[in-house]
Student: 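Quick one: this structure, given as structure tokens, is what I'll be asking you about.
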Amino acid sequence: MNFIALENEVVLLKPLEHEDMQGLLEAASYPEIWSHMSTTIEKMDDVNKFVDKALLTKREKTEFPFVVVDKKSEQIIGSTRFMDIDDTHKRLEIGTTWISPAFWRTAINTNCKYLLLQYCFEILNLQRVQIKTDHENVRSQRAIERLGATKEGILRNHMVRKDGTTRHTVMYSITLQEWTQVKKHLQQLLMDATEKF
């Protein structure tokens with residue numbers, strides 16, 4: 001699969017590079033981001049590890065990481081990636097997504113997901129895109145459901161969190177057959193968000 005930068009008038013999703021580390025550190029310096037994530041970014045060493053690991057998975061072609069850039073301020077405000085990439089079965093996962101809290105409950109996440117999903121289904125011709133989250137991360141579950149993804153179920157005792165506790169994983173997906181309807185839904189959400197500002 002070939003991946004490129006994706007953008008519209010609101011957001012730019014550009015391939016992650018080492019040069020993005022300072023911007024990522026500034027965007028990541030909020031503890032509330034990391035309460036349900038498998039990693040934590042607090043200092044430059046954390047960013048180094050985050051970027052090095054992400055670029056390794058990119059070289060291995062198992063993941064493709066992006067930084068999220070707010071077009072208005074031209075600042076890095078988060079990161080997301082394609083993961084669990086499977087060419088044979090035409091599927092992947094959108095994950096490791098985080099955004100600076102100042103942009104929570106804005107149209108940024110919807111714009112990001114729209115661009116990513118459109119690329120997956122209309123350019124890569126995938127059959128399935130999945131998104132998963134921690135069973136305790138209710139905010140994330142609501143955001144995923146708001147996109148129009150279908151909740152498939154809960155993977156019990158699926159992961160061990162960084163604090164050693166057990167995480168169940170809530171699994172969602174969107175299929176190629178659902179994309180036309182989901183796309184219309186997302187376009188309406190984005191139109192409504194534009195009218196508010």
Side-chain angles (χ1 to χ4, degrees), residues 1-30 32-34 36-37 39 41 47 50-51 54-55 57-58 63-85 92-124 126 129-133 137 139-149 172-174 179-197:
M1 295 182 192
N2 296 316
F3 303 113
I4 59 172
L6 305 171
E7 67 180 310
N8 59 18
E9 66 281 359
V10 174
V11 69
L12 164 67
L13 300 173
K14 76 178 194 71
L16 173 68
E17 301 173 320
H18 276 110
E19 292 75 19
D20 298 318
M21 287 195 289
Q22 184 60 43
L24 284 168
L25 179 61
E26 292 170 10
S29 298
Y30 301 88
E32 57 267 39
I33 295 173
W34 309 108
H36 296 289
M37 299 288 286
T39 188
I41 296 179
V47 179
F50 179 84
V51 171
L55 293 179
T57 62
K58 180 180 177 180
E63 298 183 357
F64 189 88
F66 297 92
V67 291
V68 180
V69 179
D70 171 43
K71 294 284 284 285
K72 188 174 182 181
S73 66
E74 299 184 347
Q75 299 297 308
I76 292 173
I77 60 169
S79 183
T80 191
R81 69 186 66 179
F82 291 139
M83 322 166 46
D84 197 17
I85 299 166
L92 57 71
E93 176 178 330
I94 296 173
T96 314
T97 301
W98 60 269
I99 296 172
S100 190
F103 296 90
W104 291 1
R105 291 177 291 280
T106 72
I108 288 290
N109 183 56
T110 307
N111 275 277
C112 289
K113 292 300 192 295
Y114 180 81
L115 289 170
L116 293 167
L117 289 165
Q118 184 178 41
Y119 192 74
C120 285
F121 290 118
E122 298 181 14
I123 304 300
L124 299 179
L126 298 184
V129 175
Q130 72 181 32
I131 307 172
K132 63 180 188 284
T133 190
N137 193 347
R139 185 181 62 81
S140 177
Q141 291 172 47
R142 287 179 181 154
I144 296 167
E145 289 165 5
R146 186 173 179 269
L147 297 172
Y172 295 86
S173 72
I174 298 168
W179 170 237
T180 300
Q181 188 58 41
V182 171
K183 181 179 182 179
K184 289 178 183 176
H185 170 67
L186 291 174
Q187 288 173 333
Q188 186 61 52
L189 289 178
L190 294 175
M191 189 179 302
D192 293 345
T194 302
E195 290 173 357
K196 290 179 183 177
F197 292 100

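Throughout, residue positions are numbered sequentially from 1 according to the sequence presented.
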Student: The criterion is side chain to side chain donor-acceptor pair (under 3.5 Å); which residues satisfy it with Tyr172, sequence neighbours excluded?
Tutor: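 Side chain to side chain donor-acceptor pair (under 3.5 Å) list for Tyr172, sorted by chain: Glu145.
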Student: Go through the structure and list residues passing side-chain contact (heavy atoms from CB on, under 4.5 Å) with Ala54, not counting sequence neighbours.
Tutor: Leu16, Pro65, Arg81
Student: For Trp104, give me all partners under ring pair (Phe, Tyr, Trp, His ring centres under 6.0 Å), at least two apart in sequence or on another chain.
Tutor: none
Student: Can you list everything that forms a side-chain contact (heavy atoms from CB on, under 4.5 Å) with Thr180? Sequence neighbours excluded, please.
Tutor: Lys184
Student: Please identify each residue that fulfils salt bridge (Lys or Arg N to Asp or Glu O under 4.0 Å) with Glu7, with sequence neighbours left out.
Tutor: Lys71
Student: Going by side chain to side chain donor-acceptor pair (under 3.5 Å), name the residues that satisfy it together with Gln141, two or more places apart in sequence or in a different chain.
Tutor: none
Student: Under the side-chain contact (heavy atoms from CB on, under 4.5 Å) test, which residues partner Ser29, sequence neighbours left out?
Tutor: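 side-chain contact (heavy atoms from CB on, under 4.5 Å) check on Ser29 returns Leu25.
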Student: Please give me the minimum heavy-atom distance between Leu24 and Ser79, naming the atom from each residue.
Tutor: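 So the two residues come closest at CD2-CB, 4.3 Å.
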Student: Could you pull out all residues at least two apart from Phe66 that satisfy ring pair (Phe, Tyr, Trp, His ring centres under 6.0 Å)?
Tutor: Phe64, Phe82
Student: Using the test side-chain contact (heavy atoms from CB on, under 4.5 Å), find all partners of Asn137 that sit at least two apart in sequence or belong to another chain.
Tutor: His36, Thr133, Asp134, Arg139, Ser140
Student: Is it true that, when you exclude Glu74 itself, more than 12 heavy atoms of the residues, nucleotides or ligands shown sit nearer than 6.0 Å to its CD?
Tutor: no
Student: Working to the nearest 0.5 Å, report the span between SG of Cys112 and CG of Asn8.
Tutor: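 Result: 8.5 Å between the selected atoms.
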Student: Which residues pass the side chain to side chain donor-acceptor pair (under 3.5 Å) test with Thr96, not counting sequence neighbours?
Tutor: none
Student: Using the test salt bridge (Lys or Arg N to Asp or Glu O under 4.0 Å), find all partners of Asp20 that sit at least two apart in sequence or belong to another chain.
Tutor: Lys14
Student: CZ/Phe50 to CD1/Ile41 distance, rounded to the nearest 0.5 angstrom?
Tutor: 5.0 Å
Student: What residues, two or more places apart in sequence or in another chain, satisfy salt bridge (Lys or Arg N to Asp or Glu O under 4.0 Å) together with Lys58?
Tutor: none
Student: Taking all non-hydrogen atoms of both residues, which atom of Ile76 and which atom of Val67 are closest, and how far apart?
Tutor: CG2-CB, 4.3 Å
Student: How long is the span from the CG atom in Leu147 to the NE2 atom in His185, to the nearest 0.5 Å?
Tutor: 7.0 Å
